[in-house]
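To keep things clear, I will list the structure first and then write my remarks on it.
Residues: numbered from 1 along the sequence shown. Hydrogens, waters and symmetry mates are skipped; everything else that's a heavy atom, side chains included, is used.
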Amino acid sequence: QSELERFMATAPRIPLIIPTEGAKVLIVKFNDFQCPACSHSYLSYKPILAKYEAQSPGAVRMVLRDYPLNTSCNPVSSMVHPAACDAAVAVRLARLRNKGEAMEDWLYTNQSGMTTASVREAAKTIGGVTDFEEKYAATLTLVRGDVALGNQLGIRSTPTFFINGVKVEGEMAPQYFDQAIAYELRQAATKPAP
């Protein structure tokens with residue numbers, strides 16, 4: 001624990017232009033819905049985030065930013081995840097129908113054999129998205145905006161997290177993720193109000 005706290009205390013903090021909405025801990029995750037580590041971190045961090053939401057509603061805010069490792073929406077050197085751009089679009093469109101979490105759950109638990117066709121079908125059946133084709137190009141522009149921000153921040157792999165501006169490449173063990181949030185909440189509690 002002290003090693004993690006030392007890391008959090010001394011790591012450079014990168015200012016992000018993402019609203020905290022009153023949260024004391026802002027976690028930004030650069031994500032690819034076809035990335036196994038992104039799926040694993042989503043599933044293993046979900047109960048931790050739920051615990052903090054139950055203890056201190058609104059104190060911890062998790063923000064997802066898209067970073068598909070896919071050459072059709074990200075200027076990466078090679079195609080890693082062929083359905084990742086469509087998956088990012090599907091989640092954004094499902095969120096407009098209040099079905100974003102259901103769509104994320106489906107994508108993360110159906111990664112093996114995922115295709116653009118299976119993503120588009122799930123967008124319709126799970127996310128309630130009936131206008132995928134019509135909204136695709138405009139929504140992909142938003143995904144590319146996240147990718148551009150990721151590239152400015154030096155993202156090289158997914159998942160990459162920023163915990164109150166501290167960059168963490170890759171997935172942390174769940175207990176360390178929990179400890180990092182607890183540390184940041186303690187730090188916030190000791191700061192005088194502005």
Margin query: Taking Gly165's backbone N and O only, do any of them form a donor-acceptor pair with Arg13's side chain (distance below 3.5 Å, no angle check)?
Written below: no
Cys38 and Lys29 have their tightest heavy-atom pair at O-NZ, 3.0 Å
Q) Is Glu53 salt-bridged to Arg61, cutoff N-O under 4.0 Å? A) no
Check: What do the steps show when you test Asp131 against Lys124 for salt bridge (Lys or Arg N to Asp or Glu O under 4.0 Å), and what is the final call?
Finding: CA-CA 9 Å; Asp131 53 358; Lys124 195 179 340 174; over 6 Å; no
Between Tyr67 and the options Asn31, Asn151, Thr160, Asp146, the side chain to side chain donor-acceptor pair (under 3.5 Å) test singles out Asn151
Minimal heavy-atom distance between His81 and Asn70, with the atoms involved, is O-ND2, 3.0 Å
**Message:** So does Ala137 get a backbone contact from the side chain of Thr141, meaning a donor-acceptor N/O pair under 3.5 Å?
**Reply:** yes
Review point. Can the ring centroids of Tyr45 and Tyr52 be said to lie less than 6.0 angstrom from one another?
Key: no
Residues passing the ring-ring contact (aromatic ring centres under 6.0 Å, His included) test with Tyr136, sequence neighbours excluded, are Phe132
- Passes side chain to side chain contact (heavy atoms under 4.5 Å, CB included), Leu142 versus Arg92? Steps please. CA-CA 9 Å; Leu142 300 173; Arg92 284 174 179 262; 3.3 Å; yes
- Query: According to a 4.5 Å side-chain heavy-atom criterion applied to Ile, Leu, Val, Met, Phe, Trp and Tyr, with indirect links allowed, do Val28 and Leu49 form part of one hydrophobic cluster?
  - Reply: no
(message) Between Ile181 and Met8, is there shared hydrophobic-cluster membership here, with clusters defined by ILVMFWY side-chain heavy atoms closer than 4.5 Å?
(response) yes
task = Compute whether any side-chain donor of one residue and acceptor of the other, for Lys24 and Ser56, lie under 3.5 angstrom apart.
result = no
Interatomic distance, CG@Asn74 vs CG@Asp32, rounded to 0.5 Å, equals 9.0 Å
Distance col, row Glu134:CD vs Thr139:OG1, nearest 0.5 angstrom, shows 10.5 Å
Closest heavy-atom pair, Glu171 versus Ser44, reported as atoms and distance to 0.1 Å, is OE2-OG, 3.6 Å
In terms of heavy-atom contacts, Met172 and Val168 come closest through CG-CG1, 3.5 Å
> Is the closest basic N to carboxylate O distance between Arg156 and Glu169 below 4.0 Å?
Replying inline: yes
Worksheet entry | Hydrophobic cluster identity match, Tyr176 and Ile163, side-chain contacts under 4.5 Å | yes
Phe162 vs Phe30, test: side chain to side chain contact (heavy atoms under 4.5 Å, CB included). Steps then yes/no.
CA-CA 9 Å; Phe162 290 88; Phe30 281 86; 3.7 Å; yes
One should read off an interatomic distance between Arg65 CZ and Leu16 CG, to the nearest 0.5 angstrom, of 9.5 Å
Nearest heavy-atom contact between Pro174 and Ile48 is O-CD1, 3.3 Å
Note to self: Is there a salt bridge (Lys or Arg N to Asp or Glu O under 4.0 Å) between Lys46 and Glu104? Walk through the geometry before answering.
What the structure shows: CA-CA 12 Å; Lys46 202 173 181 177; Glu104 286 181 44; over 6 Å; no
Looking only at atom types and distance, does a side-chain atom of Gln34 sit under 3.5 Å from a main-chain N or O of Gln111, one as donor and one as acceptor?
no
(Q) Hydrophobic clustering (ILVMFWY, side-chain heavy atoms < 4.5 Å, transitive) - are Leu149 and Ile14 grouped together? (A) yes
Please step through salt bridge (Lys or Arg N to Asp or Glu O under 4.0 Å) for the pair Arg144 and Asp66, ending with a clear verdict. CA-CA 8 Å; Arg144 287 187 177 121; Asp66 291 306; over 6 Å; no
Closest non-hydrogen contact found for Thr116 with Asp86 is CB-OD2, 3.4 Å
### Heavy-atom check, side chain of Val143 versus side chain of Pro68, under 4.5 Å
yes
The remaining residues in the hydrophobic cluster of Trp106, counting side-chain heavy-atom contacts under 4.5 Å among Ile, Leu, Val, Met, Phe, Trp and Tyr, are Phe33, Tyr42, Leu43, Leu64, Val91, Met103, Leu107, Tyr108, Met114, Val119, Ile126
Starting from the C-alpha separation in whole Å, work towards a yes-or-no answer on side chain to side chain contact (heavy atoms under 4.5 Å, CB included) for Cys85 and Leu140. CA-CA 7 Å; Cys85 295; Leu140 199 61; 4.0 Å; yes
Is the shortest heavy-atom distance from the side chain of Phe177 to the side chain of Ile27 under 4.5 Å? yes
### Task
Kindly indicate, with the supporting measurements, whether the criterion side chain to side chain contact (heavy atoms under 4.5 Å, CB included) is fulfilled by Val76 and Val147.
CA-CA 10 Å; Val76 287; Val147 167; over 6 Å; no
